[in-house]
Amino acid sequence: MYVATKGGEKAIAAAHRQMAEERRGDPKIPALTIAQIREQLSLCVDRCMTEGSLYDRDLAALAIKQSQGDLIEAIFLLRAYRTTLPRFGYSRPIDTGSMAIVRRVSATFKDIPGGQILGPTFDYTHRLLDFKLAAETEGPRTVADRAETPVEQSVPHVLGLLDQEGLIQKEKTENKPAPDLRIGRIDFDHEKTAERPEAFNEDTPPDLTREPLEFPASRALRLQALARGDEGFLLGLAYSTQRGYARNHAFVGELRIGAVAVEFDMPELGITIELGEVTVTECETVTQFQGSKSQPPQFTRGYGLSFGQTERKALSMALVERALRWSELDEDFVGAAAQDEEFVLAHVDNIQATGFLEHIKLPHYVDFQSELELVRRMRREIAEDSAGRDLSETAE
Amino acid sequence: MSAVDDPTDLTLGSEGSDASVAEAKGDEQIADLSSDAGDDRIDETIDGYNFAYLDENTKRMIRRAILKAVAIPGYQTPFASREMPMPYGWGTGGVQVTAACLTPGDTLKVIDQGADDTTNAVSIRQFFEKTARVDTTTRTEDATVIQTRHRIPEKALTEDQIIVYQVPIPEPLRYLEPRETETRKMHALEEYGLMHVKLYEDISRHGHIATTYAYPVMVEDRYVTDPSPIPKFDNPKLSNSPALQLFGAGREQRIYAIPPYTKVKSLDFEDYPFDPGQWPQACALCGAEDSYLDEIITDDAGGRMFVCSDTDFCSRRRAEQDAAATSEEGEQ
């Protein structure tokens, strides 16, 4: 006699215990510490902070430890924590021009004011497994050379230099999307502004995590979505533009990595205070633009910004961002995925994507049962039909 | 954790309250609704999270979306869905709607596939037990709020109940037109020809409308609406229900509603009327002939049995039958 399955509760508790055991691995091996992850797996810490939209190296390291190194799971942990944090205000925009640079390269000019600074990069390493690292004992400590003269405190942006000649297109500052021609929209203002401080005006960038995403999106909103977006998805899309799907040959005008100050205005005291520093990767690409009726030929920009040292992400973001600007720049929509705002923004978030993808593991007995019933019925009808036909043929 | 909202500041929430004060002037009724949950019984729950996890400002935002949804039956209201501590696709929309509806006096029932004991139903029930400390039940009539995935309970709901559906894709036109900008326009213009063509093509190809779950409905003669992936067997229960029916889609950031006593019609044609379907067999456990059945494979030789998917309905019918049998024995 079948007894309806019980014990979902017990199964869950047991599964959690088993997972905890698996996470720890062999207890004879020392456990990873948060500090080890933070210091020695810093690039995956950076990725988690970027896509988790939360700058906290220790929490990111904790998330990586807790998720057994599954980075999307770690990002999810950070996001879920982040939503619970109260907001006490908005910082001033960071000034990447006064970044404390550790790495800065331009692929468009051989030498630039402030200099090319190679910094820490895999770019010119030979990808040979280093078996010395496999040795359990630590070898002699490597200490990087220090420059004789420090990097200048304020290093101009390469694209700014192009701007002196008017060679780079002027950016519009407004954040409003294209006029909304949709009919029948019923929107209450308070839905959009419920959590905006009064001091904020229409030019304040919208907040993707506090307002529902609606199309068409402003450039600021697009950039926000891309910054939180999945590195792999953006890499694939950016690569597709390089291979001819909405091709816009991008030059890396500048890629810079370093620490910037986060400043906060305190209106009640009339002062601005520095809350701390964050390390960011900023990438500006330049793409040739043929010009249009109203504009002479010039260069256009693609922009990428991410936390920590996340060059692949920032570059991918810049290429995709540029591809999404086709309408603003009077280019043709050639139907490429990277140009399609709704396609890109609706699918770029890996927490949404992985949730919906993986939810098909949840029970679907009920829906499947109704499909089963229908398929059986249709097969029965077809069988009866052809049986009927056979009979009538025999009769003839 | 630093997520503790001041439990005394319930009307406006502690976050961004300046803006809220400015707005609340014109919105007193809405603010009042938000404070429904604001009696003294609310205290910090374990982990230091706010009652029912979400902070009050977020709940207020969700309640506003719910009010709008109730005011426009079947219309998909955008809302600023939050990242929840469970994955998208696991019912984050339903969980947010439930969190916004719950008060400390509520009794919650959570089902998945009609069952109270499926893993995800257990998980969501535990979430609210932990974060809201509300009473929970498996008895349909004892619940004031029922969160469900893929089923409507067999027992008729009442005016005192809210049923919250978890919705994966709220847009009934989505598989016909992938673009949100287009489908919103189609709803605005009541342009539902595409849907009727799809149903017509089903009939011409298969002799049936080949949709068996998430069967589209017309709500109050205006909006074509996705009833969430309930089997079409459950569709008749949507119409003229005394209970408030709320639908939450977290990942897609939409809330919609079917208010009590609202007309809900499953789409069909005059010559091909809607057919909710029925079972040739009765439940093998309780003998019910009018409930939705799950097929259970009992061996590897083609053995099967059909049992109620609504576990509360089935187990209590069996208990009643047992009790009746015992008392009969006693009389003899």
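Lettering of chains follows the sequences in order, A, B, ..., and the numbering in each one begins at 1.
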Using non-hydrogen atoms and a 4.5 Å limit, figure out which bit of [X] sits close to chain A: side chain, backbone, both or neither.
X        : answer
B:Thr92  : neither
B:Glu252 : neither
B:His150 : both
B:Thr119 : both
B:Ala121 : neither
B:Phe306 : side chain
B:Asp294 : both

Between [X] and [Y], what is the shortest heavy-atom contact and its length?
X        : Y        : result
B:Tyr292 : A:Gln369 : OH-CB, 3.6 Å
A:Gly355 : B:Pro87  : CA-CB, 4.3 Å
A:Asp367 : B:Ile230 : OD1-C, 4.4 Å
B:Thr212 : A:Ser370 : OG1-OG, 3.2 Å
B:Arg151 : A:Val366 : CD-CG1, 3.8 Å
A:Ala80  : B:Pro85  : CB-CA, 4.0 Å

Do the side chains of [Y] and [X] get nearer than 4.5 Å, heavy atoms only?
X        : Y        : answer
A:Glu214 : B:Gln253 : no
A:Thr84  : B:Tyr53  : yes
A:Glu371 : B:Tyr213 : yes
B:Met61  : A:Glu211 : no

Task: CA sep, side-chain torsions, deciding dist, call: A:His359, B:Trp90, side-chain contact (heavy atoms from CB on, under 4.5 Å) - done: CA-CA 6 Å; A:His359 105 279; B:Trp90 264 244; 3.7 Å; yes
Open item on the list: Does anything in residues 334-353 of chain A reach chain B? List residues with heavy atoms under 4.5 Å apart, or say none.
Closed with: A:Asp340, A:Glu342, A:Ile351, A:Gln352
Task: For chain B, which residues of residues 377-387 of chain A have heavy atoms nearer than 4.5 angstrom - done: A:Arg377, A:Met378, A:Glu381
TODO: Sort A:Phe356 into side chain, backbone, both or neither according to what part of it lies under 4.5 angstrom from a heavy atom of chain B.
DONE: both
Open item on the list: Need one label for A:Leu213: side chain, backbone, both or neither, based on atoms under 4.5 Å from any heavy atom in chain B.
Closed with: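 Contact with chain B: backbone and side chain both.
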For the atom pair [atom1] ([X]) and [atom2] ([Y]), what is the distance rounded to the nearest 0.5 Å?
X        : Y        : atom1 : atom2 : result
B:Thr118 : A:Glu9   : OG1   : CD    : 12.0 Å
B:Arg179 : A:Phe215 : CZ    : CZ    : 9.5 Å
A:His364 : B:Gln113 : NE2   : CD    : 7.0 Å

Open item on the list: Closer than 4.0 angstrom, basic N to acidic O: yes or no for B:Glu83 and A:Arg228?
Closed with: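 Looking at B:Glu83 and A:Arg228, the cut-off is met.
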Task: Choice from B:Val122, B:Ile169, B:Leu293 maximising heavy atom contacts with chain A below 4.5 Å - done: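 The option with the most such pairs is B:Val122.
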Open item on the list: Looking only at heavy atoms and a cut-off of under 4.5 Å, which of B:Arg125, B:His187, B:Arg149 has the most pairs with chain A?
Closed with: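 Highest number of pairs under 4.5 Å: B:Arg149.
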Open item on the list: For A:Phe233, is the CZ atom crowded, meaning more than 12 foreign heavy atoms sit under 6.0 Å from it?
Closed with: yes
